[in-house]
Protein chains: 2
Amino acid sequence: MNDGAKNERVRLSAEDWEDGALALIAEQGVGALAVEALARRLGVTKGSFYWHFRTREALLQASLERWEEYGEREVLAEIERIPDPLKRFPELFRRVAHELQPHRVYAALLKALDHPQVVPVMSRVSQRRMEFLTRLYQEAGLEPVVALHRARLTYAAYVGFLQLNFTLGLPRLSHEEFDAYVEHMIATLTPARSTD
Amino acid sequence: MNDGAKNERVRLSAEDWEDGALALIAEQGVGALAVEALARRLGVTKGSFYWHFRTREALLQASLERWEEYGEREVLAEIERIPDPLKRFPELFRRVAHELQPHRVYAALLKALDHPQVVPVMSRVSQRRMEFLTRLYQEAGLEPVVALHRARLTYAAYVGFLQLNFTLGLPRLSHEEFDAYVEHMIATLTPARSTD
DNA sequence: TGGCTACCATACGGTTGAGTATGTAACCCG
DNA sequence: CGGGTTACATACTCAACCGTATGGTAGCCA
């Protein structure tokens, strides 16, 4: 996946640039997304870039939208197929927990929220996910207001965890510790089975 | 506290620059911390700055350390004075929730974690606070491992909430909604009184 | 096979912001 | 009251990037 030796010819498309941008963002953050740097990375020069995009801003925008679109059809649909609402939470949490790769970009974007362009994207994504969680909690028997609060709490815990363990290097969890933590989350945040 | 009219003479100290930097960070983020911009803000020029600091990096470093030191002796000590361990959590959560002013800088730093200098500071602060929470949960009767997980969860929820509601403008909570959310957090995250 | 087009290189202009060099006004102090 | 220190102004240099202008090359297609 690296460039290795100079490939005889490269011929890039706009999508190649967007993917390259996302990779660079995941590795070094949004601030590191510079036209010439990315061009070097892809084995070409600026001249190429400005054929595909009118501006650097346009590239960032396109990359973010590409990421947003891609991450949309995710685990969510499969979760809803589980009949027992209470059994959805363990499954959801475990799946999300073990798909750490797609979270790389999300974490990178989280720590780049001072760049104005990423805010609306993250806002939309977070909003949709929280609405999904709220529905799940409602179907598990929580009152609408309580369900909203619980969804907020759950998603905040998710976001905060990414920050604390990806970005900050807080004492690296081992696999076992991480799994145990996830189970603790499940136990704490899954609603009790209703008594009526 | 504002400049207002040009004060006849200003004569700044290094601490003034650090405070100004923190204010600017809280308002516009770490990325907006530029020497000349800050100088204009303080009513002087770059020439002044480079007398007090060797580099921009040095200013940021000093400001962060100043903030870290200042925020240290916080609510924490007062909380520990509450005799009943279980009654500490409501008090802690409510206090933190209503002191939103000091969290401005923290939130600004959270959304600037792609600047390498802020990572160690945030790392230390988060680490200390999580250790405090862990101790609290232990004294409330949780097993050490469980207490650690619960502390992680709690602090992650705190961090995530700041991200979602300060930085992203997710549908602005009203005061009532916010208070209700805090109470929900308390109910969900406070350990049950032990039965033995 | 000539030419059109997609893709890229090279060279330049413009801006922004960091850091330096150096002069200068106010203030303290003996 | 003259000289040294503190605090600042002004006027530079330098590097990083963004964006533009323009020319070059490979491949496809009539």
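Here is the naming used below: chain letters follow the sequence lines, and residue numbers restart at 1 for every chain.
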Rounded to the nearest angstrom, tell me the gap between atom [atom1] in [X] and atom [atom2] in [N].
| X | N | atom1 | atom2 | result |
| --- | --- | --- | --- | --- |
| B/L59 | C/dA18 | CG | C1' | 13 Å |
| B/L42 | D/dA7 | CG | P | 15 Å |
| A/W51 | C/dA6 | CH2 | C1' | 5 Å |
| A/D16 | C/dC7 | CG | P | 10 Å |
| A/L12 | D/dT25 | CG | C1' | 16 Å |

Only Watson-Crick and G-U wobble pairs with both distances less than 3.5 Å should count. Give DNA chain D in dot-bracket notation, marking inter-strand partners with |. ||.||||||||||||||.||||||||||||
With a 3.5 Å distance limit and no angle check, can you tell me whether B/E91 reaches the backbone of B/R88 through a side-chain donor-acceptor pair?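 Not a single qualifying donor-acceptor pair exists.
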For a quick test of your reading: what N or O donor-acceptor pairs under 3.5 Å do the side chains of residues 109-124 of chain B make, sequence neighbours left out?
from: B/R124; atom 1: NE; to: B/E68; atom 2: OE2; distance (Å): 2.9
from: B/R124; atom 1: NH2; to: B/E68; atom 2: OE1; distance (Å): 2.9

Once base and sugar-phosphate atoms are separated, protein heavy atoms under 4.0 Å mark nucleotides 10-21 of chain D, 5' to 3', with B, S and - as B------BBBB-
Contacts of B/F93 that satisfy ring-ring contact (aromatic ring centres under 6.0 Å, His included) - sequence neighbours left out: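 Partners of B/F93 by the ring-ring contact (aromatic ring centres under 6.0 Å, His included) criterion come out as none, since no residue qualifies.
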Out of A/F161, A/W67, A/F166, A/Y158, which residue meets the ring pair (Phe, Tyr, Trp, His ring centres under 6.0 Å) rule with A/H103?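 With A/H103 as partner, ring pair (Phe, Tyr, Trp, His ring centres under 6.0 Å) holds for just one option, A/Y158.
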Could you go through residues 142-154 of chain A and list every donor-acceptor pair under 3.5 Å that involves a side-chain atom there, pairing it with any protein atom two or more places apart or in another chain?
from: A/R150; atom 1: NE; to: B/H184; atom 2: NE2; distance (Å): 3.0
from: A/R150; atom 1: NH1; to: A/L189; atom 2: O; distance (Å): 2.8
from: A/T154; atom 1: OG1; to: A/Y137; atom 2: OH; distance (Å): 2.7
from: A/T154; atom 1: OG1; to: A/R150; atom 2: O; distance (Å): 2.7

Could you go step by step and tell me if A/R129 and A/V125 meet the side-chain contact (heavy atoms from CB on, under 4.5 Å) rule? CA-CA 6 Å; A/R129 293 180 178 177; A/V125 171; 3.5 Å; yes
Please check the phosphate of D/dT6 (OP1 and OP2 only) for any side-chain N or O of B/H52 closer than 4.0 Å.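 Negative; the distance criterion is not met.
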Not counting sequence neighbours, list each pair that qualifies as a salt bridge (charged side-chain N to carboxylate O under 4.0 Å, His left out) and has a residue in residues 53-62 of chain A.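 Qualifying pairs: none.
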Carboxylate-amine/guanidinium proximity below 4.0 Å for B/E15 and B/R66: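 Salt bridge between B/E15 and B/R66, a charged N being under 4.0 Å from a carboxylate O: no.
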